[in-house]
2 protein chains.
Amino acid sequence: MTLDITDAELVLMQLLWTESPLTARELTERLEKDKGWHRKTVNTLLSRLARKNVIQREKGPGGISNWHPLVDRETYRKTVTASFVDEHFNGEIAPLVASFAKGRSLDDSQVAELQALLDSMFEDD
Amino acid sequence: MTLDITDAELVLMQLLWTESPLTARELTERLEKDKGWHRKTVNTLLSRLARKNVIQREKGPGGISNWHPLVDRETYRKTVTASFVDEHFNGEIAPLVASFAKGRSLDDSQVAELQALLDSMFEDD
DNA sequence: ATTGACAGACTACGCCTGTAGTCCAACGGA
DNA sequence: TCCGTTGGACTACAGGCGTAGTCTGTCAAT
């Protein structure tokens with residue numbers, strides 16, 4: 001279960017993580033509009049995600065197929081983030097934040113949120 | 001100049017960012033040992049990076065070819081980090097740090113470093 | 001019962017990527 | 001001067017990925 005989700009597949013997952021279950025039709029409607037994807041493209045991606053056990057289909061009322069994630073967003077975020085930090089920042093989070101802030105200054109709410117996070121860590125000790 | 005560097009290419013870049021210039025031979029020695037890569041593989045990657053204007057060759061003393069980066073590490077880190085944060089965390093850094101910390105608790109020095117970073121941001125205002 | 005439209009499995013296909021081989025020119029040692 | 005080794009340009013090739021077409025069955029409306 002290596003949790004490998006490609007870029008195109010991730011677009012689908014973002015939708016399903018935001019709202020699920022969704023039917024193929026509902027997904028297609030959004031993705032045709034937002035991404036210009038063909039119905040068949042959406043279908044292929046759904047199949048590939050299903051084959052990887054990342055999503056699953058379930059029969060809803062009236063026999064309608066609903067798709068929903070089997071992997072939750074937070075689990076996925078943890079793994080990709082850990083990989084990213086390892087690959088690009090030698091496993092250290094602070095330099096990542098520094099690089100990010102250099103490229104795009106953090107607004108006050110971002111800083112406050114980070115501060116709250118750090119404070120909660122001190123408490124946990 | 002989209003700065004797209006693949007995983008295998010990145011391995012080379014990490015070496016060149018740590019120490020440069022390096023000759024093809026020097027790179028090959030390290031990568032044969034560390035990664036089991038063939039000399040020819042290293043060569044292909046060097047060529048591809050050069051074609052993308054990410055590295056450059058320069059004639060050293062004695063006509064030896066030395067490779068060195070044209071893109072500095074910090075620039076690269078800023079761009080990949082921004083993309084990553086946008087793609088996975090909707091452009092917000094605090095949730096990224098939260099996810100990272102959930103998967104792998106931060107040790108004291110990491111927390112201290114982050115705190116110092118935040119403090120310096122307050123000063124800048 | 002017939003038809004039309006969509007769902008999903010399977011197939012297709014070109015480009016990118018990882019990995020390496022071929023070929024030729026240059027250089028260093030015998 | 002000749003040979004073996006190396007560098008680099010070019011070529012190769014399989015598997016993954018983005019993108020979509022074909023085929024078949026099903027369900028809804030007629």
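Numbered from 1 within each chain, the chains take letters A, B, ... in sequence-line order.
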Q. Of B/Gly36 and A/Ala24, whose nearest nucleotide on DNA chain C comes first from the 5' end?
A. A/Ala24
Q. For the side chain of A/Arg39 and the base of C/dG8, is some donor closer than 3.5 Å to an acceptor across the two?
A. no
Q.
Between P on C/dG8 and CG on A/Leu22, what's the gap in Å once rounded to a whole number?
A. 12 Å
**Q.** Separation of C/dA20 P from B/Lys35 NZ (nearest whole Å)
**A.** 13 Å
Q: Name the nucleic acid region contacted by A/Ser47, choosing base, sugar-phosphate or nothing; use a 4.0 angstrom heavy-atom cut-off, strictly under.
A: sugar-phosphate
Q) When we call it a touch if two heavy atoms are under 4.0 Å apart, what does A/Thr41 touch: a base, just sugar-phosphate, or nothing? A) base
Q: Let me know the distance between NE2 of B/His38 and P of D/dT6, rounded to the nearest Å.
A: 11 Å
Q | Under 4.0 angstrom between A/Trp67 side-chain N/O and C/dG8 OP1 or OP2 | A | yes
Q. Does B/Trp37 make a side-chain N or O approach to OP1 or OP2 of C/dG18 shorter than 4.0 Å?
A. no
Q. So does B/Arg57 get a side-chain nitrogen or oxygen closer than 4.0 Å to the phosphate oxygens (OP1/OP2) of D/dA9?
A. yes
Q) The side chain of A/Asp4 lies closest to which of these nucleotides: D/dA9, C/dG21, D/dC17? A) D/dC17
Q: Examine D/dG8: is either OP1 or OP2 under 4.0 Å from a nitrogen or oxygen in the side chain of B/Ser65? Give yes or no.
A: yes
Q.
Rounding to an integer number of Å, can you tell me how far A/Ile55 CD1 sits from C/dA7 C1'?
A. 13 Å
Q: Round to a whole Å and report the spacing from CG of B/Leu46 to C1' of D/dT6.
A: 13 Å
Q.
Pair B/Leu10, A/His88 - check side-chain contact (heavy atoms from CB on, under 4.5 Å), show working.
A. CA-CA 9 Å; B/Leu10 185 59; A/His88 294 284; 3.4 Å; yes
Q: Would you kindly say whether A/Gln14 and B/Glu87 are connected by a side-chain donor-acceptor distance under 3.5 Å?
A: no
(Q) Between A/Thr6 and D/dG18, is there a contact of a side-chain N or O with OP1 or OP2 at under 4.0 Å? (A) yes
Q.
Under a plain distance cut-off of 3.5 Å, with no hydrogens placed, do A/Glu58 and A/Ser65 share a side-chain donor-acceptor pair?
A. no
Q) If you measure from the Lys or Arg side-chain nitrogens to the Asp or Glu carboxylate oxygens, is any gap between A/Arg30 and A/Glu19 under 4.0 Å? A) yes
Q. Which nucleotide in the set D/dA20, D/dG18, C/dG8 lies at the smallest distance from any side-chain heavy atom of A/Asp7?
A. D/dG18
Q: Would you check if there is a donor-acceptor pair between the side chains of B/Thr75 and B/Asp72 at a distance under 3.5 Å?
A: yes
Q.
Looking at the base of C/dA20, is there any donor atom on it, or on the side chain of B/Thr44, that sits under 3.5 Å from an acceptor on the other one?
A. yes
Q) How about B/Lys102: does its NZ atom have over 12 heavy atoms from other parts shown lying under 6.0 Å from it? A) yes
Q) CZ of B/Arg25 versus C1' of C/dG28: gap in Å, rounded? A) 11 Å
**Q.** Sugar-phosphate only, base, or nothing, as touched by A/Arg48 at under 4.0 Å among non-hydrogen atoms
**A.** base
Q) Rounded to whole angstrom units, what separation is found between the CD atom of A/Glu58 and the P atom of C/dA7? A) 16 Å
Q) Below 3.5 Å, does any donor atom in the side chain of A/Lys40 face an acceptor in the base of D/dG18, or the other way round? A) no
**Q.** Nearest-Å distance for atom pair CG/C1', residues A/Asn43 and D/dG21
**A.** 12 Å
